[in-house]
Amino acid sequence: MSKGYASNYRIVLLATGLFVCFGALGVRLFWLHVVDRDALLKTIAKARENLITETARRGDIRDARGGILATSSSLLRVGVDPFDLRPQDEKKWPQLAVLLGLSEDELRKIFLKRYRDPAAPSAATASPASAAPPSASAVSAGFALNLAAPVAGTVAPTKGGAADDDDDAILEPGANDLAPKKIRFALLRRGVSEKTYADIVKLRVRGVYGERYYQRSYPNNQLAAHLIGFVNRQEEASSGIEAYLDFFLRGQNGWRVGERDGRGGELPQFLTRHVPAANGYSVTLSIDLVVQDIVEQELALIAERYEPLKASIIVSDPRTGFILGMANYPTYNLNEYYKVPKDEMERMKNAAVADIYDPGSVFKIVPAAGALEERLVTPRTVFDCSLDKVLYKGRTLSLPGEDHHMGDLTVTEIISHSSNKGAAQLGMRLGEQKLDRYARAFGFGAKLGFPVGGEVSGILHPYENWYPIDITRIPMGHSVSATVLQMHQAMTVIAADGMLFRPQLVSEIRNAANDTVFRYDRAEIGRVVSPQTARTVATMLMGVARTGGTAPEAAIEGYDVAGKTGTSQKFINGEWSKRHHIASFVGFFPALRPQIAISVVVDDADHRSPGGVAYGAKVAAPSFKRIGERLISVQKIQPAAPALIASNPNSGVRR
């Protein structure tokens with residue numbers, strides 16, 4: 001055979017080798033596509049699977065007139081993948097810098113840094129090559145890479161989700177821990193508005209993209225802070241309505257499952273499952289922004305004038321129990337809750353429902369109403385209020401002291417002159433068991449069911465545990481402690497024809513389509529006294545704000561005011577202080593057709609008060625008057641008809 005041809009042996013050997021190779025390849029392909037097919041598909045799908053969360057927008061909180069109290073704004077974090085930048089886009093950088101509020105130098109510094117400096121190596125492993133970052137020329141040379149890069153206009157997740165507020169870059173690991181790491185997302189600016197981002201999109205700078213998120217904000221800053229509450233930086237509802245109705249407000253996040261490419265980018269064409277986000281419901285409160293602002297302005301005036309330890313004001317509609325305004329001093333800014341010093345955290349508490357105090361003389365409406373309801377007295381029944389001691393159930397009890405000497409007083413005059421001795425005798429006429437029953441019926445000693453603020457029960461010991469002297473002290477508002485809200489609601493019993501209502505704050509809940517899904521109505525806790533008794537007490541309380549009463553400072557021209565002053569000593573260092581008081585005025589108007597109830601309670605304003613004592617008539621009653629006068633036009637309050645006032649026979653004042 002000519003040497004120009006291969007031997008048969010070689011041909012057979014070559015053919016056998018090719019047959020074995022192709023046979024092995026066929027077997028391998030069969031194994032991969034048939035035997036291991038399901039397992040491999042699961043592995044590949046898992047490797048490429050991309051689970052993306054779609055954040056739901058938190059619902060708004062609105063006031064009774066539709067004003068925004070809390071809302072969620074759509075914002076974007078705008079960042080760049082330095083590896084996706086193109087040289088031809090460089091001329092757009094100055095415009096981009098302006099839109100982002102950066103200088104051109106700042107923008108270039110971020111754009112041209114593609115690698116994060118490695119951690120400082122030890123002396124044994126350090127090398128100049130591994131420590132040196134790429135040069136600017138090397139960065140420019142890399143602009144042409146990665147043609148499938150994101151372009152400004154997409155809202156894409158980075159690896160691991162949205163950039164954390166504390167990180168300015170997302171890194172891609174290098175070959176080892178000492179090698180420079182690629183920066184795949186460098187933060188350019190947080191809080192970019194949708195409008196600004198739309199302008200950024202129009203520039204079409206490839207590699208620049210945004211990540212959408214929602215930011216909770218409170219347009220009125222501190223207004224109604226103790227009622228609204230706030231959402232913290234971890235997107236957790238921390239207090240107030242934000243926490244109470246968090247389930248409805250937060251909505252339900254959506255998600256989608258698709259695939260991602262080798263660079264971590266989403267491939268929408270491979271979307272397999274998609275559950276859209278369900279935005280949160282909106283909540284409408286009974287709070288009126290105008291009323292709330294009036295209340296907080298008055299608190300600011302009290303703070304400036306008296307420098308009290310704290311103060312609370314409540315305004316409500318006594319016919320329904322809905323709160324129109326509630327505020328405390330001191331307060332805080334909802335948008336800057338994190339700036340409240342640790343030693344001033346008390347200012348974040350809703351003192352009107354979370355703190356207790358001895359209500360003092362305002363409590364006298366309880367024994368008066370109870371004695372009238374039990375038909376033990378009439379408005380004209382006379383008591384000797386000059387006595388120092390009385391005999392009660394075989395015991396001689398000392399009566400409380402008075403600020404002024406008082407002789408014989410009718411029940412009406414006991415209220416209008418705020419006689420401690422008279423109130424004590426009314427309590428004794430009722431007896432411990434009935435006085436306790438009426439006090440609890442008025443709402444003392446138990447929570448009223450207010451939804452926010454950490455409401456407490458107050459203190460009213462069971463009558464079986466009273467000391468003998470308590471029957472003379474509790475009727476004047478001592479030896480009993482209440483929240484401002486409890487005292488407010490007790491007064492509204494008189495304004496609401498004897499019915500105790502649950503204090504309401506939420507009026508309705510609407511879904512994302514603005515359809516009402518739930519509406520709150522007034523809620524009755526129970527009847528306390530008859531309508532006739534309530535109207536009789538209301539008439540008696542009218543004398544308080546008239547000439548000769550304890551608080552003519554509360555009078556509102558053209559309107560009859562019903563109310564009661566309170567000046568209670570504070571219990572400090574184991575004794576009742578004569579230099580620290582709580583001043584209060586709680587009332588409503590028009591007296592015989594009530595439309596507005598107002599409570600003003602000021603704690604420890606003595607050092608700036610005339611004579612060094614903060615009397616309810618001098619500190620709290622004027623605030624009641626100022627608030628009431630401003631609410632007349634806001635709430636369109638009409639005075640009671642003169643005929644209605646003239647026809648009421650229950651004055652109880654001796655002529």
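Note that the structure is a prediction, hence the values are computed from the model and not measured.
- For R522 (side chain) and F322 (main-chain N/O), no donor-acceptor pair under 3.5 Å exists by modelled atom type.
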Side chain to side chain contact (heavy atoms under 4.5 Å, CB included) between V452 and L227, worked out: CA-CA 7 Å; V452 302; L227 300 177; 4.2 Å; yes
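- A salt bridge between E508 and R510 is present, with a side-chain N of the basic residue lying under 4.0 Å from a carboxylate O of the acidic one.
- Residue R608 places its CZ atom among more than 12 non-hydrogen atoms of other residues, nucleotides or ligands, all under 6.0 Å distant.
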Trace of the side chain to side chain contact (heavy atoms under 4.5 Å, CB included) decision for N420 with K364: CA-CA 9 Å; N420 294 335; K364 291 172 183 174; 2.8 Å; yes
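- The minimum heavy-atom distance linking I572 with S577 is given by the pair CD1-CB, 4.2 Å.
- Panel note: side chain S507, backbone T284; a donor-acceptor pair is recorded below 3.5 Å.
- Between the side chain of D470 and the backbone N or O of Y467 there is at least one donor-acceptor pair closer than 3.5 Å.
- Taking CD1 of I314 as the reference point, atom OG1 of T492 lies at 10.0 Å (rounded to 0.5 Å).
- Counting all heavy atoms, side chain and backbone alike, A555 lies closest to A545 at CB-O, 3.3 Å.
- When the shell of 6.0 Å around CZ of F248 is examined, it contains 12 or fewer heavy atoms from other residues, nucleotides or ligands.
- Counting heavy atoms from C-beta outward, F450 and T483 have side chains that stay 4.5 Å or more apart.
- Remark: side-chain polar atoms of N328 are paired, donor with acceptor, to backbone N or O of A352 under 3.5 angstrom.
- Side-chain polar atoms of Q297 and R630 form a donor-acceptor pair below 3.5 angstrom.
- Other residues, nucleotides and ligands place more than 12 heavy atoms under 6.0 Å from the CG atom of D343.
- Within the 4.5 Å cutoff, the side chain of I632 has heavy atoms near those of the I556 side chain.
- In the model, T331 has no side-chain atom that pairs as donor or acceptor with a side-chain atom of Q222 under 3.5 Å.
- Under 3.5 Å, the side chains of Y329 and E296 contain no donor-acceptor pair of N or O atoms.
- When every heavy atom of I469 is checked against every heavy atom of S398, the shortest pair comes out as CD1-O, 3.7 Å.
- The pair K310-D604 does not meet the salt-bridge criterion, since no charged nitrogen lies less than 4.0 angstrom from a carboxylate oxygen.
- Note that CG of D606 is 9.5 Å distant from OH of Y615, once rounded to the nearest 0.5 Å.
- Atom CG of L409 sits about 11.5 Å away from atom NZ of K421, to the nearest 0.5 Å.
- Using a 4.5 Å heavy-atom threshold, the side chains of M491 and S599 count as separate.
- The CD1 atom of I598 lies 9.0 Å from the CD1 atom of I313; values are rounded to the nearest 0.5 Å.
- Atom-to-atom distance recorded for D288:CG and I323:CD1 is 13.0 Å, nearest 0.5 angstrom.
- Under a cut-off of 6.0 angstrom, the local environment of CD in E464 is crowded, with over 12 non-hydrogen atoms contributed by other residues, nucleotides or ligands.
- Side chains of T536 and T539: no donor on one and acceptor on the other come within 3.5 Å.
- Ring geometry for H478 against W576 counts as parallel: the plane angle stays under 30°, on a 0 to 90° scale with 60° as the upper cut.
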Pair F363-F444, ring pair (Phe, Tyr, Trp, His ring centres under 6.0 Å): steps then yes or no: CA-CA 10 Å; F363 190 85; F444 296 99; 4.9 Å; yes
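- Annotation: side chain of R65 is in contact with side chain of V290 (closest heavy-atom distance under 4.5 Å).
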Evaluation steps, salt bridge (charged side-chain N to carboxylate O under 4.0 Å, His left out), between R626 and E298: CA-CA 8 Å; R626 286 190 292 267; E298 186 61 34; 2.7 Å; yes
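- A donor-acceptor pair under 3.5 Å links the side-chain atoms of S286 to the main chain of L505, judged by distance alone.
- For the pair K393 and E432, the salt-bridge criterion is met [side-chain N within less than 4.0 Å of a carboxylate O].
- Remark: the backbone N or O of D358 is paired with a side-chain donor or acceptor of S568 at under 3.5 angstrom.
- When atom types are taken as modelled, the side chain of S609 and the backbone of G612 share no donor-acceptor pair closer than 3.5 angstrom.
- Between P475 and L435, the shortest heavy-atom contact is CG-CD2, 3.8 Å.
- With respect to R502 and E524, no salt bridge is recorded, no charged nitrogen being found less than 4.0 Å from a carboxylate O.
- Within a 6.0 Å radius of CZ in F571, other residues, nucleotides and ligands contribute more than 12 heavy atoms.
- For the pair Q504 (side chain) and D521 (backbone), a donor-acceptor distance under 3.5 Å is present.
- Around CD of E344, the count of heavy atoms belonging to other residues, nucleotides or ligands within 6.0 Å exceeds 12.
- A donor-acceptor pair under 3.5 Å links the side-chain atoms of Q489 to the main chain of F501, judged by distance alone.
- Within 6.0 Å of NZ in K618 there are 12 or fewer heavy atoms belonging to other residues, nucleotides or ligands.
- With 3.5 Å as the limit, one finds a donor-acceptor pair spanning the side chains of S418 and S361.
- The side-chain heavy atoms of N350 and M326, taken from C-beta on, include a pair separated by under 4.5 Å.
- Y218 places no side-chain N or O within 3.5 Å of a backbone atom of N333 that could act as its donor or acceptor partner.
- Between K564 and I415, some side-chain heavy-atom pair lies under the 4.5 Å cut-off.
- Nearest approach of T550 to P552, heavy atoms of both residues: C-CD, 3.6 Å.
- Contact of the M428 side chain with the V390 side chain is registered, since non-hydrogen atoms from C-beta on lie closer than 4.5 Å.
- The NZ atom of K636 sits 12.0 Å away from atom CG of L631, with the distance rounded to the nearest 0.5 Å.
- Scanning all heavy atoms of the two residues, the minimum distance from A605 to Y306 falls at CB-CB, 3.6 Å.
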Chi angles and distances behind the side chain to side chain contact (heavy atoms under 4.5 Å, CB included) call for F383, V377: CA-CA 10 Å; F383 288 89; V377 298; 3.9 Å; yes
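- H405 and S386 are not linked by any side-chain donor-acceptor pair at a separation below 3.5 angstrom, with hydrogens and angles left out of the test.
- By the 4.5 Å heavy-atom criterion applied to side chains, F230 and E242 are not counted as neighbours.
- When the shell of 6.0 Å around CZ of R579 is examined, it contains 12 or fewer heavy atoms from other residues, nucleotides or ligands.
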